[in-house]
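Order of the sequence lines fixes the chain letters, A, B, ..., with proteins taken first and strands second; residue numbering starts at 1 for each chain. As the structure is a computational prediction, the values presented were derived from the model and not from experiment.
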Protein chains: 2
Amino acid sequence: MAIASAALPECSDCPIRHRAVCARCEPEELDALSRIKFYKTYAAGQTIAIRGEPLETVASIVKGTATLTRSIEDGRTQLVGLLLPSDFIGRPGRSEAQYDVTAVTELTLCCFHRRPFEELLEDMPHVRERLLEMALDELDAARDWMLLLGRKTARERISSLLALIVKRSIRPDGGILGDKGRVELPITRETMANYLGLTIETVSRQLTKLRKDGIIQLEGKRTILIPDFGALLAETGDDDDGGMIF
Amino acid sequence: MAIASAALPECSDCPIRHRAVCARCEPEELDALSRIKFYKTYAAGQTIAIRGEPLETVASIVKGTATLTRSIEDGRTQLVGLLLPSDFIGRPGRSEAQYDVTAVTELTLCCFHRRPFEELLEDMPHVRERLLEMALDELDAARDWMLLLGRKTARERISSLLALIVKRSIRPDGGILGDKGRVELPITRETMANYLGLTIETVSRQLTKLRKDGIIQLEGKRTILIPDFGALLAETGDDDDGGMIF
DNA sequence: CGGAAACTTGATAAGGCTCAATGAGTGTGG
DNA sequence: CCACACTCATTGAGCCTTATCAAGTTTCCG
């Protein structure tokens, strides 16, 4: 399934050290985790897990992007989570995947076999605590998305997604976007459509409209310029605020 | 805010003793919780919390139903959670409500002031464990709902909701429904609409269609008869299975 | 350069929304 | 006890947003 097993870098050098489940670990806890961890790499487009099939590992995303999807046999697909570095895959106490998990870019995971991980968990209050915190954050995100899926117009959905991507683009080092308001889209139109509960045609048309209205500029297919972030936020339908959390 | 403070019954007699956050508590943990708990009662329709306002209590629902909603100023409202007995309100480590919480029936809560609860939490592994489990279950439920909101037709949404209500009606004592396939709807058409991301007119029309198609029978406004549960499930758009989870 | 994948654009149709009127159930007060 | 008001629900007519179907176009990449 995995393309290759990478060498094992030290946790102290890990790019997600301060955000993943292990964020608040003491050195000895980190040691214990380190002893049972292993890395896996996936190519863009590869399947990581399939709903209903056994999944005996849990993992943190170290690098890359993955999606969590739910679908119906007739092809309708809904993206239920966008997984970025530091996000956690799998659930302690469950041996079957609840969602389809797919790599959308090249992906590196820091994996643990489920059983040993669960056993270690008993003695690692900091991991449990962080896991709870992350689950609650994801729950909040899922519920915000429910508002979008249930009540927002196509234009508001697109704007919300772009705003979200912008906010996440800023995060990594706290610095502002590479260029003034230039954002790289990490996902295809189809993935956007599946995230937003729309068709790719509607996504495309709404992007065009936002461009014609001067809210955004398109530079090639995957790069977007946002001259006025406030103007974009005004299109999201949100009671602003949510502005800059974190 | 609360109508009245009820007497304090013993935890051992509590109807949600085996499902709430305290489900796996040892007697001494239960004692500790018991010492800081207090009950509150709300009338149907009363507001329990407002998004963005301070919320310094957490609570378990003992009796009744409440809703979690997110909305936009222009009135659009999305229900993001349906809270039933044993469900938990509030989040450790957060002092502001993230959602509007409203009682839809008369409601009894088992409350704790947030700070003391958080402190007790440090020494109660069983509560933390259960809290994580419940959060992950809610996350799964929210994600299933995202599929419904993003991709299902009105008819499928209504059917899914009815199926969900039926499943929950069975749960309490493990016994089958009161009468052969007779289910009481705990919510109004408006609440259903806000849950399903539809208007009340569409909810009403689809219920009528399901009735004309013989999938359900309506008995007054709030009671539904389901002669063939399998037939209802076939209308939900789900790959069946999900059959009887809980 | 050729081919495939990703994206855009157009024409048309349909599902669900909006607006509006009507009906059923419930509680209140004369 | 009936009339009235009020809430909740149903039904209808017309419209609008988004989906569907069908070409084109651009980009990527061997």
- Check step by step if side-chain hydrogen bond (donor to acceptor under 3.5 Å, both in side chains) holds for B/T108 and B/K40. CA-CA 6 Å; B/T108 306; B/K40 268 191 179 176; over 6 Å; no
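- Ion pairing between B/R94 and A/D140 holds under the 4.0 Å rule for side-chain N and carboxylate O.
- Once you apply a 4.0 Å limit to the heavy atoms of chain B, the touched nucleotides of DNA chain D run 5' to 3' over D/dC8 to D/dA13.
- One can place CD of A/Q206 at 17 Å from P of C/dC7, the figure rounded to the nearest angstrom.
- Looking at which nucleotide of DNA chain D each of B/E201 and A/G220 is closest to, the 5′-most match is held by B/E201.
- Between the side chains of A/E184 and A/T223, a donor-acceptor pair is found at a separation under 3.5 Å.
- Taking 4.0 angstrom as the limit, B/R205 places none of its side-chain polar atoms (N or O) nearer than this to OP1 or OP2 of C/dG15.
- A salt bridge links A/D144 to B/R70: at least one charged side-chain nitrogen sits closer than 4.0 Å to a carboxylate oxygen.
- Note on B/S204: a base of the nucleic acid sits closer than 4.0 angstrom, heavy atoms only.
- In this structure, B/G197 reaches the sugar-phosphate backbone alone: every heavy-atom distance under 4.0 Å involves primed, P, OP1 or OP2 atoms, never a base.
- If you measure from atom CG of B/L218 to atom P of C/dA24, you get 14 Å, rounded to the nearest angstrom.
- Backbone-only contact: B/L198 has heavy atoms under 4.0 Å from sugar-phosphate atoms and none from a base.
- Nucleotides of DNA chain C nearest to B/R157 and A/R189 differ in position, and the one nearer the 5' end is that of A/R189.
- Salt-bridge check for A/R151 with B/D74: failed, with every basic side-chain N at 4.0 Å or more from each acidic carboxylate O.
- Counting non-hydrogen atoms under 4.0 angstrom, B/R155 reaches nothing in the nucleic acid.
- Across the protein-nucleic acid pair, A/L210 atom CG and C/dT8 atom C1' stand 15 Å apart, rounded to whole Å.
- Residues passing the side chain to side chain donor-acceptor pair (under 3.5 Å) test with B/R155 are B/D213, B/E235, sequence neighbours excluded.
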